[in-house]
Amino acid sequence: MHVSSGRWVYGMFLALLTAFLWGILPIKLKQVLVVMDPVTVTWFRLLVSGGCLFIYLAATKRLPSRKVLGPKGAGWC
């Protein structure tokens with residue numbers, strides 16, 4: 001059974017922030033695509049969000065260890 005945590009204001013704030021950011025995304029992309037190509041914009045967005053996630057996980061000491069990722073770094077190579 002679900003138990004309410006009482007953090008509905010925090011959840012509402014995050015939902016409104018998400019809606020706002022998704023709302024301004026097309027407007028800003030239209031401006032950015034005038035000077036950059038779509039592939040560069042996509043890679044830049046992914047690198048910035050990945051960098052922010054890395055910094056957050058490092059600051060909260062939640063980075064996964066290399067043992068968890070496996071011998072080849074999650075099997076990419």
Side-chain angles (χ1 to χ4, degrees):
M1 179 176 253
H2 176 72
V3 178
S4 177
S5 66
R7 297 177 65 186
W8 68 270
V9 175
Y10 182 62
M12 181 66 75
F13 168 74
L14 290 176
L16 289 173
L17 178 65
T18 301
F20 173 74
L21 291 175
W22 275 107
I24 65 169
L25 180 65
I27 298 166
K28 294 300 177 185
L29 275 178
K30 188 173 182 180
Q31 295 171 352
V32 170
L33 288 174
V34 171
V35 294
M36 293 173 73
D37 64 301
V39 175
T40 304
V41 172
T42 301
W43 276 105
F44 183 75
R45 288 177 60 205
L46 289 173
L47 285 174
V48 169
S49 63
C52 290
L53 180 61
F54 179 80
I55 290 169
Y56 172 76
L57 291 176
T60 59
K61 306 217 186 301
R62 294 184 185 173
L63 280 174
S65 67
R66 293 194 47 88
K67 289 181 184 179
V68 173
L69 295 176
K72 291 189 177 187
W76 285 8
C77 295

Exercise for the section: May I have all residue pairs that pass side-chain hydrogen bond (donor to acceptor under 3.5 Å, both in side chains) and include part of residues 22-36, sequence neighbours excluded? Expected result: none

Practice task
Not counting sequence neighbours, which residues clear side chain to side chain contact (heavy atoms under 4.5 Å, CB included) with Thr60? List them please.
Solution key: Tyr56, Arg62

Problem - Fellow cluster residues of Trp8, listed by chain then number, with links counted only when side-chain atoms sit under 4.5 Å apart - result: Val9

Practice task
Group every Ile, Leu, Val, Met, Phe, Trp and Tyr by side-chain heavy-atom contacts under 4.5 Å, then state whether Leu33 and Ile27 land in the same group.
Solution key: no

Exercise for the section: Tell me whether Val34 is reachable from Val32 by hopping between hydrophobic residues (I, L, V, M, F, W, Y) whose side-chain heavy atoms are closer than 4.5 Å. Expected result: yes

Problem - Set of residues satisfying side chain to side chain contact (heavy atoms under 4.5 Å, CB included) with respect to Phe44, sequence neighbours excluded - result: Val48

Fill in the blank from the handout: Contacts of Leu14 meeting side chain to side chain contact (heavy atoms under 4.5 Å, CB included) (sequence neighbours excluded), chain-then-number -> Tyr10

Completion exercise
In short, side-chain hydrogen bond (donor to acceptor under 3.5 Å, both in side chains) pairs touching residues 32-46 with sequence neighbours left out are Asp37-Thr40

Handout entry: Contacts of Ile24 that satisfy side chain to side chain contact (heavy atoms under 4.5 Å, CB included) - sequence neighbours left out
Key = Phe20, Leu21

Problem - Side-chain cluster (under 4.5 Å, hydrophobic types only) that Leu16 belongs to, other residues - result: Met12

Exercise for the section: List, by chain and then residue number, the residues other than Leu46 in its hydrophobic cluster (Ile/Leu/Val/Met/Phe/Trp/Tyr, side-chain heavy atoms under 4.5 Å); write none if there are no others. Expected result: none

